[in-house]
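Data first, discussion second: the structure below is written as structure tokens.
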There are 2 protein chains.
Amino acid sequence: MGSVTLDDVARQADVSAKTVSRVVNGEHSVRPITRQRVLRAIEQLDYRPNMLARGLSGAHAYTIGLVYDNPNAYYIIGMQEGALSACDDLNFGLQVRPVNSRTDGLADRLRGFVQRSRLSGLVLTTPVSERVAELRRLATYRIPFVRIVSAARDPGGEFPCVYVDDRDAAHAITTHLLQLGHVRIGFLRGGKHHHASAERLRGYKDALRDYGIPLRNDLMIEGDYVFDDGFRGARRLFDLAEPPTAIFGCNDEIAAGALAAAQSTGLHVPYDVSIAGFEDSPFSRHSWPPLTTARQRADIIVERATRMLIARIRGEATENEGFNPELLVRGSTAPPRPREQRRKRR
Amino acid sequence: MGSVTLDDVARQADVSAKTVSRVVNGEHSVRPITRQRVLRAIEQLDYRPNMLARGLSGAHAYTIGLVYDNPNAYYIIGMQEGALSACDDLNFGLQVRPVNSRTDGLADRLRGFVQRSRLSGLVLTTPVSERVAELRRLATYRIPFVRIVSAARDPGGEFPCVYVDDRDAAHAITTHLLQLGHVRIGFLRGGKHHHASAERLRGYKDALRDYGIPLRNDLMIEGDYVFDDGFRGARRLFDLAEPPTAIFGCNDEIAAGALAAAQSTGLHVPYDVSIAGFEDSPFSRHSWPPLTTARQRADIIVERATRMLIARIRGEATENEGFNPELLVRGSTAPPRPREQRRKRR
DNA sequence: GCGTGAAAAGACAGCGCTGTCAATTTGCGC
DNA sequence: GCGCAAATTGACAGCGCTGTCTTTTCACGC
């Protein structure tokens with residue numbers, strides 16, 4: 001209804017529709033003079049390409065897919081915002097796709113998804129981005145994608161990516177605790193299958209090693225990225241003969257669980273025990289005390305990944321980019337108390 | 001590339017493409033026998049309509065818009081899930097649209113959004129759904145929409161809607177506190193411009209009235225739906241000469257703020273003060289103690305609204321539907337202590 | 001069995017754009 | 001100014017579906 005079409009522009013600029021199409025899509029083989037004329041016509045008419053027609057006609061729908069497997073609402077919203085902002089800016093559409101990353105045939109399901117919606121490419125977030133074998137397969141299907149991964153440095157190699165240095169951030173958090181004087185620091189690990197979790201554990205270990213403190217297995221507790229595991233894990237730590245004076249939770253939800261465990265045990269945070277998280281989710285800001293954590297800007301990270309993906313779809317070359325989460329010290333961490341002053345459990 | 005088209009199905013079912021189209025779109029001038037045949041063919045071939053072609057060809061894009069103005073990530077995800085589930089089921093696409101509901105020209109911006117993407121209709125969530133004048137305008141543009149509103153009973157009248165009885169739920173929560181023996185109950189109000197907030201306040205007032213307890217203005221504090229207002233509001237209540245023994249926060253985030261305020265003041269929840277929220281967000285489950293609250297299933301509510309919208313787009317008649325949030329009693333509420341036992345503030 | 005109106009099914013023409021390939025123009029060396 | 005390859009530009013045929021209009025079939029009363 002009344003909307004301006006390619007043909008209108010073509011008539012106005014006195015060229016063929018195809019030439020207008022070429023200009024709109026930034027193809028090379030148009031003379032500057034012609035391009036000018038077309039651009040002027042586009043502006044005069046306030047023309048906007050019809051996504052539907054573009055997608056139906058062309059090889060792909062000028063739409064990218066954001067693929068995730070993550071229960072964390074805040075994280076998802078952040079990622080969505082980032083992707084949307086890049087897509088709006090570059091005239092692409094966005095489709096959001098939750099998947100189960102642990103099942104077989106992931107690559108094939110993703111291909112199905114891409115084909116059905118004629119997606120131009122995929123942004124793969126962790127932990128989907130860690131299934132390298134499936135990714136290889138995806139690549140053989142010639143589906144463009146950019147992954148977001150946890151890595152201390154540019155992994156280079158096979159696939160384009162945006163990398164986040166979880167290890168360094170975990171190192172910083174642990175060092176912060178060490179500098180406060182903590183020696184027995186518990187670690188509540190997140191999803192076994194998440195590489196990010198392993199990286200954070202490694203940062204923790206490295207920091208302890210730097211301070212010459214031997215690792216103790218009873219202080220490192222397995223679990224998932226969920227509140228209940230944080231709660232139970234922290235309880236186990238408190239029950240040790242020599243409980244830790246600080247606990248580092250692999251993400252904010254785990255740390256919130258640890259915080260609740262402390263409070264339910266009558267322990268005062270941070271006086272009796274320090275607790276740190278990872279993520280800077282609302283959890284960490286809206287607890288009492290607010291949690292020391294590492295800020296990870298999911299929105300910015302995904303926006304960069306999305307821009308990279310679109311650049312690649314357009315045939316441009318790209319370089320991998322890295323991000324460093326930032327240490328955020330808040331009220332949940334403090335120096336340990338001398339032993340005798342520590343409060344009794346109720 | 002190998003994707004199954006309408007024609008393939010038509011051939012398989014030995015009918016015309018148009019008939020398949022009719023079946024897919026739930027039009028009702030198809031004989032049951034024929035419909036069966038077509039459905040079987042669709043299943044055999046695993047046919048899925050191509051959104052792009054549908055949108056290009058038809059008067060609208062078989063895609064609905066979910067419009068919200070809400071900072072609460074958890075809520076948004078819930079709504080998205082509900083809408084997506086209905087859309088997937090009914091072969092519609094979904095576009096998500098955050099807006100600022102307080103600005104002028106809302107209807108015109110929504111129209112722009114609808115026209116650009118050729119949306120078939122809109123699901124309007126609170127508080128967007130409360131701008132009645134703008135809605136009237138939207139209706140004159142002949143844009144189909146369904147609103148989600150806060151109301152104690154079917155508002156009937158002008159626009160189709162799904163209504164949620166916030167008042168009754170707030171009444172239930174307040175009654176729960178009264179039955180525990182609380183008399184001085186504070187109320188932390190959410191967004192002034194949200195009708196839901198007014199409804200919850202009214203439920204609170206009604207319950208007090210039912211128990212013959214006079215309202216006290218110093219116990220009702222204005223604020224927004226955010227943590228900090230909950231924190232500050234609760235602090236003000238604690239500073240009263242006669243502080244309340246229970247606080248009802250207008251949503252979970254406010255209640256979380258009140259909880260933090262209590263903890264930061266050295267008050268023990270629920271022994272020194274009871275706290276209740278509204279929403280059943282992760283906040284309420286992941287705090288210590290977990291919050292008594294009212295469960296509001298954003299996903300289910302929005303799913304219903306989406307189905308209603310699509311039915312209307314298809315020209316079917318619909319009836320408004322109501323939902324009642326459910327009281328969830330958890331650890332943050334308990335009987336008040338006799339006065340002398342109440343703990344001193346530090 | 002026939003006539004009738006309504007219900008069901010089909011034919012056909014695009015929707016706005018891009019891929020393909022053919023036609024035209026340009027630039028350049030001689 | 002000519003010839004030729006390369007650079008530009010254009011013509012045309014769909015992409016997969018639905019709206020419109022037409023044809024066919026059905027149900028029913030006599």
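Per chain, numbering begins at 1; letters A, B, ... match sequence-line order.
Within the 4.5 Å cutoff, the side chain of N320(A) has heavy atoms near those of the M308(A) side chain.
Per the geometry, CZ belonging to R35(A) stands 15 Å off P belonging to dA7(D), to the nearest Å. A straight line from CG of L56(A) to C1' of dG14(C) spans 12 Å, rounded to a whole angstrom. In this structure, M51(B) atom CE and dG16(D) atom C1' are separated by 13 Å, rounded to whole Å. With rounding to whole Å, H28(A) atom NE2 is found 17 Å from dT9(D) atom C1'.
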For nucleotides 19-25 of chain C, give me every protein contact, N/O to N/O, under 3.5 Å, one pair per line with atom names.
residue: dG19(C); atom: N7; partner: K18(A); partner atom: NZ; Å: 2.9

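Set against dG10(D), dT18(D), dT9(D), the side chain of V15(A) has dG10(D) as its closest nucleotide. The side chain of S16(B) lies closest to dA11(C) when the candidates are dC15(D), dC17(C), dA11(C). Of the candidate nucleotides dT18(C), dT18(D), dT8(D), dT18(C) has the atom lying nearest to any side-chain atom of R54(A).
The environment of R153(A) atom CZ is sparse: at most 12 non-hydrogen atoms of other residues, nucleotides or ligands sit within 6.0 angstrom.
If A53(B) and D14(B) are placed on DNA chain C by their nearest nucleotide, the residue sitting closer to the 5' end is D14(B). Positionally, the nearest nucleotide of DNA chain C for T19(B) lies more toward the 5' end than for the other of S21(A) and T19(B).
Between the D88(B) side chain and the S85(B) main chain, no donor and acceptor come within less than 3.5 Å of each other. Using modelled atom types, one side-chain atom of D69(A) and one backbone atom of S101(A) make a donor-acceptor pair closer than 3.5 Å.
A cation-pi contact, defined as under 6.0 Å to the ring centre and within 45° of the axis, is absent between R147(A) and F159(A).
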Determine, step by step, whether R136(B) and E158(B) satisfy the salt bridge (Lys or Arg N to Asp or Glu O under 4.0 Å) criterion, reporting the C-alpha distance in whole Å, the side-chain angles of both residues, the deciding distance to 0.1 Å, and the verdict.
-> CA-CA 9 Å; R136(B) 290 220 178 88; E158(B) 272 181 299; 2.6 Å; yes

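Put simply, N25(A) has a side-chain N or O that comes within less than 4.0 Å of OP1 or OP2 on dT18(C).
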